Amino acid sequence: DVKVTQSSRYLVKRTGEKVFLECVQDMDHENMFWYRQDPGLGLRLIYFSYDVKMKEKGDIPEGYSVSREKKERFSLILESASTNQTSMYLCASSSEDLGGSSYNEQFFGPGTRLTVL
Amino acid sequence: KQEVTQIPAALSVPEGENLVLNCSFTDSAIYNLQWFRQDPGKGLTSLLLIQSSQREQTSGRLNASLDKSSGRSTLYIAASQPGDSATYLCAVGTSYGKLTFGQGTILTVHP
């Protein structure tokens with residue numbers, strides 16, 4: 001089974017702090033994604049990566065950056081946390097293997113509920 | 001810009017009923033469509049993935065269909081059970097596996 005893990009289930013930070021959210025997948029997937037989920041707004045893509053050291057902006061990248069130094073790990077960074085970044089953050093991964101039955105099927109981690117005070 | 005709409009927003013049914021959840025999307029140039037389940041406060045669990053060349057997929061009591069030309073997908077749940085209570089999300093996939101999500105249908109199955 002694909003496993004996507006996130007470093008924390010719950011996190012409380014103060015305004016202005018630098019925050020790191022870590023995500024690790026164990027299925028050698030090429031693609032990795034960071035979303036945030038808010039009531040009434042649904043899931044929105046922040047950033048994604050299709051290879052090591054490669055990153056692309058999603059729909060709402062402002063205030064965030066990402067790092068992918070190894071294939072299995074994708075980090076989301078809040079450079080200076082603000083209260084409007086209080087949210088549920090979800091990481092996901094998918095395979096680019098055209099021959100695989102799970103081609104581009106996206107698998108999610110358990111989420112990190114971040115509160116910024 | 002792709003928009004995904006799910007109807008109904010909420011659904012409450014007695015145990016044992018067969019039910020249909022609907023998903024529509026505005027741009028038919030999709031790579032695939034994926035249905036997820038989300039329990040409160042948890043991550044998403046993949047239920048079914050339909051590639052753009054396929055018309056339907058089945059897993060147990062779940063059946064999902066895809067009509068790309070009309071921009072529609074349905075998720076059929078047979079013989080619903082209280083354990084099926086959750087939020088069901090539809091998402092359409094484009095390049096690099098990026099997904100655009102609908103707002104979800106909150107399903108409650110009461111005994």
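Keep in mind that this is a model prediction, so the values were computed, not measured. So that the names make sense, note that chain A is the first sequence line, chain B the second, and so on, each numbered from 1.
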Verify, without hydrogens or angle tests, whether [X] (side chain) and [Y] (backbone) share a donor-acceptor contact under 3.5 angstrom.
X	Y	value
B:T105	B:A9	no
A:Q6	A:C23	no
B:Q34	A:Q106	yes
B:Q6	B:Y88	yes

Inset, instruction - Using the ring pair (Phe, Tyr, Trp, His ring centres under 6.0 Å) rule, collect all pairs that involve residues 32-65 of chain B, keeping only residues at least two apart or in two chains. - result: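 For residues 32-65 of chain B: A:F108-B:F36, B:F36-B:F101.
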
Inset, instruction - Assess the side chains of B:Y76 and B:E56: does a donor N or O sit below 3.5 Å from an acceptor N or O? - result: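 B:Y76 vs B:E56: no donor-acceptor pair found between side chains.
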
Inset, instruction - Identify the two heavy atoms, one from A:E105 and one from B:S46, that lie closest to each other, and give their separation to 0.1 Å. - result: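 A:E105 and B:S46 have their closest heavy atoms at OE2-OG, 2.6 Å.
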
Legend entry - Members of residues 64-90 of chain A whose heavy atoms come closer than 4.5 Å to chain B: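 Checking residues 64-90 of chain A against chain B gives A:M88, A:L90.
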
Legend entry - Proximity breakdown for A:R9 and chain B, heavy-atom pairs closer than 4.5 Å: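 For A:R9, the contact with chain B is made by the side chain alone.
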
Legend entry - Residue part contacting chain B, namely of A:L43, when any heavy atom lies under 4.5 Å: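 Both the backbone and the side chain of A:L43 come within 4.5 Å of chain B.
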
